Amino acid sequence: MTDRPIARTAPIAPAAGSTIQPAIQPAIQPAVDPFGRAITYLRVSVTDRCDFRCVYCMSEDMAFLPKAEILSLEEIDRVCSAFIDLGVRKLRLTGGEPLVRKNVMSLIRSLGRHLSAGTLDELTLTTNGSQLVRHAEDLAAAGVRRINVSLDTLDPNKFRAITGWGRLDGVLDGLAAAKRAGLSVKINCVALKGVNDDEFHRLVEWCGGEGFDLVFIEVMPMGEIGADARLDQYLPLSMVRASLAERWTLEESDYRTGGPARYAVCRETGGRVGFITPMTHNFCESCNRVRLTCTGTLYLCLGQEDAADLRAPLRRSDEDADLVAAIREAVSRKPKGHDFVIDRRRRGPAVPRHMSVTGG
Ligand code: SAM
Ligand code: SF4
């Protein structure tokens, strides 16, 4: 499989506003799970590789997948397009680091045709920001309107310690480029006890000043990263929120982006502050998401092992009938929810695969 650029099949027009309501009905019967949840949001990990080694995400000696196992850009485009035909309205590219995949911009431009056609509401990505300087303008031109950028600290030394070998300056330059390109930015910050818990006020202030939304994430037990490391890192967001409330007035908001974050507006900065709490609150009832790995495995739930192989039906035929049938069969098995627990009796991770494999 090659990583050659994908030929553009339709002119790219600016994306419509990112309402999550379907404007155009899917061509075929939408995929609905056994609990009546329509699958409208697909997250796609376009690569398992990354230029960082964040402590909570990867071990230092990560083994990456052989190229033959990885879907080509054309194959990713085909699977995404099949999902869009089945009613997916929001597509998030993630990884690994999506922007380190060779020619990924050609995939993004190609997927932008669904925005122009009105069959997709939003095309977005989650990135560590290291390559944004190069790509911000192209992303905007392809129809991307919002991006999530992961940033756990504003301290350059701490940044390097958390990310393995990331450079804070490079990410800050990338964020400036994103702003210039007109992209809305949401900062993802994993709350880590004893690591960045002294910076939460500063992050609220800084994001408010920059016009970025800020979302705190609880560290999740995914992938083997070393004994007890995660127990030591885990910080419930209820505590983060309580500590923020000492300085900021957080007013509840019903703002939603189609993801699991619950938002408040910070009265002093005017910025939105969100919380993703997989550990302390189960947000599964309204789950509209499935996740595709770069090898074509479809995970029905971030916190469960149940999965379906889409690569075999994809490669079996140029027609999409088998692929669509495999997607429907998988969605019919979507579990009700996850059961993440971090406790001392359970030594290993709840889910053995790393976040960089499934895509956060
Ligand atoms: N490389 C990109 C990035 O860092 O934004 C995209 C992939 S990364 C796996 C997606 C998100 O997952 C990041 O915001 C990261 O902080 C988060 N993440 C990774 N491992 C996590 C874990 N064990 N618990 C909670 N969040 C995690
Ligand atoms: Fe890479 Fe993102 Fe994982 Fe950090 S969180 S190691 S940037 S994939």
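Note that the structure is a prediction, hence the values are computed from the model and not measured. Every number for a ligand or one of its atoms is a count from 1 in the order of the listing. What's counted below: heavy atoms across the whole structure, side chains too, no hydrogens, waters or symmetry copies.
- Atom-to-atom distance recorded for Phe52:CZ and Arg160:CZ is 9.0 Å, nearest 0.5 angstrom.
- In Thr127, the part holding a heavy atom less than 4.0 Å from any atom of ligand 1 is the backbone.
- In this structure, Phe200 and Phe216 have perpendicular ring planes: the angle between them is above 60°, well past the 30° mark.
- Counting the atoms of ligand 2 from 1 in the order shown, those under 4.0 Å from a heavy atom of Cys54 are 4 (Fe), 5 (S), 6 (S), 7 (S).
- Under a 4.0 Å criterion applied to the non-hydrogen atoms of Gly96, ligand 2 contributes the atoms 8 (S).
- Listed by number with element, the atoms of ligand 1 under 4.0 Å from a non-hydrogen atom of Val219 are 24 (N), 25 (C).
- The side-chain heavy atoms of Val204 and Arg247, taken from C-beta on, include no pair separated by under 4.5 Å.
- Among the atoms of Cys57, none of the N, O or S atoms falls under 2.8 Å from atom 4 (Fe) of ligand 2.
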Distance-only criterion, 3.5 Å: show the donor-acceptor pairs between side-chain atoms of residues 30-38 and protein atoms not counting sequence neighbours.
unit_1: Asp33; atom_1: OD1; unit_2: Phe35; atom_2: N; d: 2.8
unit_1: Asp33; atom_1: OD1; unit_2: Gly36; atom_2: N; d: 3.1
unit_1: Asp33; atom_1: OD1; unit_2: Arg37; atom_2: N; d: 2.8
unit_1: Asp33; atom_1: OD2; unit_2: Arg37; atom_2: NE; d: 2.6
unit_1: Asp33; atom_1: OD2; unit_2: Arg37; atom_2: NH2; d: 2.8
unit_1: Arg37; atom_1: NH1; unit_2: Cys284; atom_2: O; d: 2.8
unit_1: Arg37; atom_1: NH1; unit_2: Lys336; atom_2: O; d: 3.1
unit_1: Arg37; atom_1: NH2; unit_2: Pro335; atom_2: O; d: 2.8

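- For the pair Leu183 and Val144, the tightest heavy-atom approach, listed with the atom from each and the gap, is CD2-O, 3.2 Å.
- Contacts between Thr126 and ligand 1, counted as non-hydrogen atom pairs separated by less than 4.0 Å, involve both the backbone and the side chain.
- Applying the 4.0 Å criterion to heavy atoms of Val190 picks out, from ligand 1, the atoms 16 (O), 26 (N).
- For ligand 1, the atoms sitting less than 4.0 Å from at least one non-hydrogen atom of Gly95 are 7 (C), 9 (C), numbered in the order shown with element in parentheses.
- For ligand 2, the atoms lying closer than 4.0 Å to a non-hydrogen atom of Phe52 are 6 (S), 7 (S).
- Rounding to the nearest 0.5 angstrom, the gap separating the CG atom in Leu86 from the OG1 atom in Thr40 is 12.5 Å.
- Considering backbone and side-chain atoms together, Asn148 places no N or O closer than 3.5 Å to any N or O of ligand 1.
- Looking at Lys186, Glu218, Glu97, Met58, it is Glu218 that brings a heavy atom closest to atom 25 (C) of ligand 1.
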- Message: salt bridge (charged side-chain N to carboxylate O under 4.0 Å, His left out), that's the test. Do Arg113 and Asp77 meet it? Break it down for me.
- Response: CA-CA 11 Å; Arg113 75 189 185 277; Asp77 190 307; 2.9 Å; yes
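- Using a 4.0 Å cut-off between a side-chain N of Lys or Arg and a carboxylate O of Asp or Glu, Arg333 and Glu329 qualify as a salt bridge.
- For ligand 1, the polar-atom distance check against Thr94 finds no nitrogen or oxygen pair separated by under 3.5 Å.
- For atom 1 (N) of ligand 1, the choice among Gly96, Gly166, Cys54 with the nearest heavy atom turns out to be Gly96.
- The shortest distance between side-chain heavy atoms of Val215 and Tyr263 falls below 4.5 Å.
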